[in-house]
Amino acid sequence: MALLSLRDVSLSFGDPPLLDDVSLHIQRGERVAIIGRNGAGKSTLLKLLQGRLEPDGGEILRAQGAEVAMLAQEVPSNLPAGSIFDSVVAGASLRRDDDAWQLEAQVSQVLSRMELDPEAEVHSLSAGLKRRVLLAHALATDPDVLLLDEPTNHLDIAAIGWLERFLLRDPRTEPRTLIFVTHDRMLLRRLATRIVELDRGHLADWACDYPTFLARKQELLDAEATHAVKFDKKLAQEEAWIRQGIKARRTRNEGRVRALEKMRELRRARRQRVGQVRVALQKSDLSGKVVIETEGASFAYDDATPTIRELTTTILRGDKVGIIGNNGTGKTTLLRVLLGELEPTSGTVRHGTRLEIAYFDQLRAQLDESKSVIDNVADGNDRLTLHGKSRHVLGYLQDFLFTPDRARSPVAQLSGGERNRLLLARLFSRASNVLVLDEPTNDLDLETLELLEQLLIEYSGTLMVVSHDREFLDHVVTSTLVLEGGGRIGEYAGGYEDWTRQRAPVTETKPSKPASAKSKPKPKTSRRKLSFNEQRELDALPARIEALETEQGELHTAMSDPDFYQRGGAAISEAKERLEAVDGELEQVYERWAELEELAG
């Protein structure tokens with residue numbers, strides 16, 4: 001029996017319906033990707049599956065006792081205060097009626113597997129870590145079906161890689177049943193075993209990988225377009241026939257008349273496919289050759305560890321700079337320092353001349369949810385000046401796929417993807433020669449994402465972009481600034497793949513093999529011949545490292561076992577202390593390995 005089933009389900013918040021008599025069956029162990037254009041109803045479909053919404057018609061069936069949990073698209077502003085542990089326990093207890101000890105043990109186990117510090121304060125976390133906490137909320141109930149709505153939003157590159165591994169190879173569970181919505185093309189290819197497309201109120205089921213889906217979908221659209229052309233031609237001929245019959249006052253073929261009326265009904269019921277976004281950036285006069293120049297710039301909050309340490313760089317007109325770093329390392333802070341919104345605590349940041357800066361905020365704080373889409377773009381005006389010409393705001397918004405009715409709706413009613421399109425429409429209505437984008441790809445559908453890529457590639461101004469989308473970075477940027485921890489910022493030519501070739505990813509804090517110790521900073525030691533004892537020590541290090549890594553793995557496995565937290569407090573503390581000791585000893589052994597290798601030349 002299917003875990004979840006939709007049978008002839010309909011749902012509408014107006015006309016046309018979001019779901020029009022759709023059916024869907026989810027089997028245990030499937031990983032189903034839901035794709036479709038922004039505003040098509042993907043998030044609404046997940047809410048129906050979760051049980052938060054009731055359909056207008058049809059029925060939703062769940063296997064007896066099946067637990068369904070969901071990771072929502074947005075990070076709520078009202079997350080419970082306190083530690084991560086307390087927050088997750090409170091969220092899980094709302095859905096479970098287990099014994100308090102059992103629930104706390106389950107939460108401890110989830111936090112350990114998700115590499116979250118249970119004592120960290122929720123309010124101090126970055127947006128990406130808050131999403132990981134929300135995922136812990138969902139997993140703490142040990143659900144049979146996990147619903148993920150844009151799970152990579154606000155996650156850094158390291159966290160996305162961790163999420164892929166976690167969802168694909170969780171050793172504790174049988175194959176997890178996943179239903180997810182994503183715009184991340186790499187995640188989609190790696191995770192999905194089945195693709196379901198929501199298009200114009202109907203669901204199309206594709207049992208294939210994503211590249212095959214794209215080819216088959218295009219063939220289907222081409223066939224649909226050909227059929228529509230033939231249908232419209234036939235309808236025009238029949239309309240001409242009926243008019244000619246009335247004019248000549250001839251007896252009409254009643255069967256043919258009834259067929260014509262049916263064709264008219266079919267034509268009225270036809271829902272056209274939503275078109276593509278049509279975007280053009282407004283370009284102002286050229287800026288000076290030097291856009292931003294920093295000399296030894298550092299920044300720290302309240303005498304804390306510097307977020308930025310002695311950054312010296314020059315951004316020239318036409319550069320396209322990507323900013324990469326783990327969540328919480330200060331990517332947005334770096335942007336604000338570069339833009340002059342924050343004063344460096346030491347060093348200098350100088351701006352060039354004739355800069356016209358347009359800024360895309362990842363949290364969409366520039367949007368007023370109480371106002372309509374039109375007012376957010378045109379500030380109460382009916383017309384905009386674009387490329388030196390006046391244009392009605394409704395026509396401009398239609399380029400971003402907002403119908404007149406949708407354009408008059410308040411922002412609070414928009415989906416996440418629609419809000420991102422609105423922010424782009426607001427941004428691109430202003431002339432600029434410096435474009436600053438903080439996570440612009442969040443919630444965008446795949447077609448709009450590819451169009452934005454092409455637009456930015458052709459942009460003649462200067463671009464600074466923070467993004468976790470690896471393919472997006474490879475396609476768009478010409479250089480990267482990488483926040484490597486401790487305030488250090490490395491500068492590299494090219495995009496994400498170029499950076500990984502030039503330097504080991506910053507996410508790899510511990511090498512998994514002895515050879516990887518070569519990537520660690522090496523002490524400045526003059527080369528000489530190793531002594532007999534030093535050579536013996538060097539020869540013994542691989543076996544020592546292997547033993548420590550084996551013990552480290554065994555401790556991680558033991559601590560992830562459900563029965564581990566049923567032991568006494570002394571045994572738990574002893575295991576944690578031993579794990580910390582092994583981690584520290586591994587660090588020392590790697591440093592000694594690097595030192596002896598340097599001595600040996």
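We count residues from 1, following the sequence as given.
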Any sub-3.5 Å donor-acceptor pair from Thr312's side-chain atoms to Gly296's backbone N or O? yes

Give every donor-acceptor pair under 3.5 Å between a side-chain atom in residues 473-480 and any protein atom, sequence neighbours left out.
from   : atom 1 : to     : atom 2 : distance (Å)
Asp474 : OD1    : Tyr496 : N      : 2.9
Asp474 : OD1    : Glu497 : N      : 2.9
His475 : ND1    : Glu453 : OE1    : 3.0
His475 : ND1    : Glu453 : OE2    : 3.4
His475 : ND1    : Glu471 : O      : 3.4
Thr478 : OG1    : Lys320 : N      : 3.3
Thr478 : OG1    : Lys320 : O      : 3.1

Backbone N or O of Ala297 within a donor-acceptor pair of the Thr294 side chain at under 3.5 Å? no

For Thr152, check side chain to side chain donor-acceptor pair (under 3.5 Å) against everything at least two apart and list the hits. none

Is the closest side-chain donor-acceptor distance between Asn433 and Ser287 under 3.5 Å? no

Mind checking what makes side chain to side chain contact (heavy atoms under 4.5 Å, CB included) contact with Ala72, not counting sequence neighbours? none

Could I get the full list of ring-ring contact (aromatic ring centres under 6.0 Å, His included) partners for Phe299, not counting sequence neighbours? Tyr301

Salt bridge (Lys or Arg N to Asp or Glu O under 4.0 Å) with Glu293: which residues, sequence neighbours excluded? Arg350

Looking at residues at least two apart in the chain, or sitting in another chain, which of them share a salt bridge (Lys or Arg N to Asp or Glu O under 4.0 Å) with Glu491? none

Just to verify, what does Glu341 make a salt bridge (Lys or Arg N to Asp or Glu O under 4.0 Å) with, not counting sequence neighbours? Arg336

By side chain to side chain donor-acceptor pair (under 3.5 Å) - contacts of Glu369 (at least two apart): Arg419

Testing Leu167, Leu148, Thr182 one by one against Leu187 for a side chain to side chain contact (heavy atoms under 4.5 Å, CB included), which residue passes? Thr182

Residues which pass side chain to side chain contact (heavy atoms under 4.5 Å, CB included) with Thr329, listed by chain and number, not counting sequence neighbours: Asn326, Lys331, Leu483

Those residues at least two apart in sequence (or on a different chain) that pass salt bridge (Lys or Arg N to Asp or Glu O under 4.0 Å) with Arg317 are none

Which residues satisfy the side chain to side chain contact (heavy atoms under 4.5 Å, CB included) test with Ala581, sequence neighbours excluded? Arg578

What residues, two or more places apart in sequence or in another chain, satisfy side chain to side chain contact (heavy atoms under 4.5 Å, CB included) together with Ser346? Ser298

Among Arg470, Arg189, Arg31, which residue satisfies the salt bridge (Lys or Arg N to Asp or Glu O under 4.0 Å) criterion with Glu164? Arg470

